[in-house]
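First the structure, in the form of C-alpha cells, and then the observations on it.
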Amino acid sequence: MNVSKKIIVNHLISGEMKIGEEIGLKIDQTLTQDATGTMAYLQFEAMGVSKVKTELSVSYIDHNTLQSGFENADDHKFLQTIAAKYGIVFSPAGNGICHQVHLERFGVPGKTLIGSDSHTPTGGGIGMLAFGAGGLDVACAMAGQPFYITMPKIIKVDLKGKLRDWVSAKDIILELLRIESVKGGRSKIYEFAGEGVRTLSVPERATITNMGTELGATTSVFPSDEITKDFLERQGRADAWTEILPDADSEYDGEIIIDLSELEPLIAQPHMPDNVVKVKDIEGIKVDQVGIGSCTNSSLADMLLTAETLKGKKINQGVSFVVSPGSRQVIAMLSQSDALFNIIESGARVLESACGPCIGMGQAPKSGAVSLRTFNRNFEGRSGTKDAQVYLCSPEVALAAALTGKITDPSKYFGKKPQIKMPEKFLIDDAQFQTPPADGSKVEVVRGPNIKPLPDFSQMGADIYGKVALYVGDNISTDHILPAGAKILPLRSNLPAISEYTFNAVDKEFVARAKDIKRRYDGKKFKLEGMIVGGENYGQGSSREHAALAPGYLGIKVVLAKSFARIHLANLINFGIIPLTFGNPQDYDSTALNQEIHFENIKKTIKDGDRLFAIADGKKIKINYDFTQRQKEILFAGGLLNWIKRNA
Ligand code: MIC
Ligand code: SF4
C-alpha cells in the first residue's frame with residue numbers, strides 16, 4: 001500500500017477504498033481558526049455533546065487579529081471560553097498561523113486531522129492525512145462522528161533529482177499547478193515519492209502540501225521518514241514520530257514526474273494560482289509591494305533565508321516590504337539571533353504572526369499595484385485592492401524583487417545561496433497554549449453582541465421553482481462568493497450582517513435581487529426560490545461555510561453548475577442548498593439571469609435515484625446529481641443540523 005491508503009485503512013469506519021465511493025474516516029485531531037471557528041463551535045454546542053471526543057482539538061486565533069472594533073475581540077473571548085468548556089486547547093492571537101503552529105507543536109504522522117480551513121493539508125508535510133472541511137463537518141468530528149469523503153484517486157508525484165540554488169519547494173508546487181491547474185486535483189490525493197523526497201525538509205514539504213489545496217486536491221501527503229523524525233526531535237516531540245513509507249510495490253492511480261534539477265524559479269501571475277510562468281520570462285515588471293509570510297512560507301527556515309539574504313542590504317525604496325513570521329516560536333527564535341535585526345534593518349515592516357495581508361487583514365496594496373507575495377492565493381480583490389496585480393512566488397523570488405524593485409530571477413541576480421543552519425533544538429515554550437480543565441461544565445461561555453444564533457433552514461420542498469439570481473463563469477472562488485478582508489471578516493459570527501456582502505465584488509445587485517425573489521413570491525402558490533448558475537469548479541478556494549450559509553440566508557436553494565469544488569459542495573449540502581450539474585454543458589450557455597427554471601418533482605426524483613430534468617422557457621434540460629443516501633437525507637431535512645436534530 002501507499003502512504004495514503006495505509007492511513008485510510010487505519011481510520012476506515014464505513015465504505016470501501018474504491019475510487020468514487022463514499023468513505024467515512026475516524027478523525028483523530030481537529031483544528032479551527034477564528035474566522036470559521038465561531039460558527040463551528042455554535043454548531044458543536046447545538047449538538048449537545050459535553051466534551052470533544054477527539055484525541056486533540058485546537059482552536060486558533062490567527063485570522064481576525066485586527067481589532068478595529070469590538071467584534072473580533074468578542075469572538076476571541078467566545079472562542080477562549082467555549083474551548084475551556086468543551087475540552088479544546090486554545091491558541092490565542094499572537095501564537096501564530098494555525099497550520100504552522102499545528103505542524104510545530106501538535107501534528108502526529110499517521111493521524112487524521114480535519115480543520116475548518118482549506119489549508120489544513122499542510123499537516124501532510126509530516127505524514128498526516130489532513131483535510132480542509134466546513135465548520136459543521138469539524139463540529140461533527142469533534143462530536144465523534146466520521147468525516148466523509150469520496151475515495152479519491154491517489155496520484156504519485158515522483159520527485160527526481162535535487163533543487164538548484166534559488167529554486168525552492170514553492171517552485172515544485174507552482175510547477176504542479178502549471179501542469180494540473182486549479183481544478184486538476186479534484187478527487188485526488190497527491191502523494192509525494194521518489195528520491196527527491198529525501199532532499200526536502202519538513203517546512204519545504206509543508207509548503208507543497210499546503211498549496212496542494214490550490215489544485216483542488218482532496219489532500220496531499222509526504223511519507224514520514226528520517227527527515228520527519230529529525231524535525232520532530234528538534235521540536236522536542238521525538239515520541240510523536242512513526243515511520244510511514246510506501247511499500248516498495250505500492251500502486252497508484254496515476255503518476256506525475258517532476259525533475260527537481262530542471263526546475264527554474266516560477267511565479268503565478270494575476271489572478272489565479274495556476275497562471276504560472278518562469279520568472280525569467282516576465283523579468284523587469286516594476287514591483288510596489290512584497291510580502292513574505294502566510295501559512296505557505298513563514299517557517300523559521302524561510303525567515304532565516306530572508307534574514308541572511310537581506311543582511312547588510314537595503315530594500316528598494318519603491319517597495320513596501322512586509323514580513324510576517326508564521327508563529328511565536330519563529331519570531332522568538334529570530335529575535336534570539338541577529339536575524340530579526342537584519343530583517344528590520346533592511347527596511348522591512350515586521351508584522352505579528354498571523355494571516356494578515358494574505359486574507360486582506362491590512363496591507364492592501366495601492367491602486368493598480370504590483371504585489372509579489374509568498375502566499376497561496378491571488379484571486380482578484382483578495383488583497384483588499386480590486387485592481388491590484390498579485391503574483392505568487394517563493395521567498396527567493398520575493399527577496400530579489402524587494403531588493404531590485406522589479407521582478408527578477410534570483411538565480412541570476414544573487415550569487416551563491418547562503419547556507420541556512422537550522423538550530424539543533426527549536427525554542428520550546430508552550431506556556432501560551434491554554435489547556436482546558438478536566439471538567440469544563442462550570443465554565444461560562446461569554447457571548448458578545450457580535451455573536452448571532454444560526455437561522456433555521458427549511459426542508460426541501462417537493463418541487464422547486466427556481467429563478468436565476470446570479471449567472472457566473474468558471475472557477476468562482478469562495479472569495480468571490482463571500483469576500484474576506486478587514487471590513488467583512490469581523491462579521492463572520494453574524495450571518496444577517498455578513499450576508500449583505502454576498503457576491504459584493506462580482507455583482508452589486510445580487511443581494512437585492514435574491515431578497516426580491518424571496519420577498520415577492522413568498523406565500524404564492526408557486527413559491528419561487530433563488531438559484532445560482534455557475535461554470536466549472538464552482539466554489540474553489542477556502543472552506544468558509546459562510547459561502548453557503550450567506551446565499552442560503554438570502555433564499556438561494558439551488559446552485560446549478562458545470563462542476564463543483566469539494567469542500568464547497570459539502571458545505572452546500574450541509575446547509576440544505578442543492579448542488580446540481582448540467583447534463584449537457586451547452587445548456588449552461590442557454591441559461592440566463594432572471595430565467596425561471598422549474599424542477600418538477602425534484603425531491604421524489606432524487607429520492608428514487610431517477611433521471612432529473614428541469615424546464616426552462618418550455619425547454620427540457622438534463623440535470624445530473626450525485627448524492628449518497630446520507631447526503632440525500634441531509635438535503636431533504638434542509639441541512640445537516642436539522643438532520644442531526646431529527647436523528648438525535
Ligand atoms: C483563506 O485562506 O481563504 C482562509 C481565510 O484561510 C479560508 C478560511 C476562511 O475563509 O475563514 C480557507 O482557506 O479555508
Ligand atoms: Fe491564513 Fe492565508 Fe493561510 Fe488562509 S491561506 S490560513 S488566510 S495564511
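Every number for a ligand or one of its atoms is a count from 1 in the order of the listing. Positions are given from 1, in the same order as the sequence printed here. All values below were derived from every heavy atom in this structure, side-chain atoms included, with hydrogens, water molecules and symmetry-related copies excluded.
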Completion exercise
Near atom 2 (Fe) of ligand 2, meaning under 2.8 Å, the protein N/O/S atoms are Cys358 SG

Practice task
Check the side chains of Arg186 and Ser563 for a donor-acceptor pair under 3.5 angstrom, ignoring hydrogens and angles.
Solution key: yes

Practice task
Report yes or no: does a heavy atom of His99 sit under 4.0 Å from some atom of ligand 2?
Solution key: yes

Practice task
Taking all non-hydrogen atoms of both residues into account, name the closest pair between Ile567 and Gly134 and its distance.
Solution key: CG2-N, 3.8 Å

Handout entry: Numbered atoms and elements of ligand 1 in range of Ala35, under 4.0 angstrom, heavy atoms
Key =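 The atoms of ligand 1 under 4.0 Å from a heavy atom of Ala35 are 11 (O).
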
Completion exercise
If we number the atoms of ligand 1 from 1 as shown, the ones under 4.0 Å from a heavy atom of Ser543 are 12 (C), 14 (O)

Practice task
With atom 11 (O) of ligand 1 as the reference point, say which of Arg492, Glu545, His63, Met39 has the nearest heavy atom.
Solution key: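 Checking each option, the heavy atom nearest atom 11 (O) of ligand 1 is found in Arg492.
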
Practice task
Tell me which one of Arg544, Arg377, His546 gets a heavy atom nearest to atom 10 (O) of ligand 1.
Solution key: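 It is Arg544 whose heavy atom sits nearest to atom 10 (O) of ligand 1.
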
Using distance alone, determine whether [X] and ligand 1 share an N or O pair under 3.5 Å.
| X | answer |
| --- | --- |
| Ser116 | no |
| Asp479 | no |
| Ser118 | yes |

Practice task
Just jot down the ligand 2 atoms closer than 4.0 angstrom to any heavy atom of Asp117, in number order.
Solution key: 6 (S)

Parallel, tilted or perpendicular: ring planes of [X] versus [Y], cut at 30 and 60 degrees:
| X | Y | answer |
| --- | --- | --- |
| Phe231 | Phe426 | perpendicular |
| Tyr538 | Phe564 | perpendicular |
| Phe192 | Phe222 | parallel |

Would you confirm whether [X], through its side chain, and [Y], through its main-chain N or O, come within 3.5 Å as a donor-acceptor pair?
| X | Y | value |
| --- | --- | --- |
| Gln29 | Leu113 | no |
| Ser394 | Val397 | yes |
| Gln329 | Ala332 | no |

Handout entry: ligand 1 versus Arg382: contacting region, heavy-atom distance under 4.0 Å
Key =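 Side chain only.
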
Practice task
Would you mind telling me if ligand 1 is within reach of the side chain of Asp117, the backbone, both or neither, using heavy atoms under 4.0 Å?
Solution key: both

Exercise for the section: Write out all pairs satisfying salt bridge (Lys or Arg N to Asp or Glu O under 4.0 Å) with one or both partners inside residues 88-109, taking only residues at least two apart or from two chains. Expected result: Arg105-Asp430

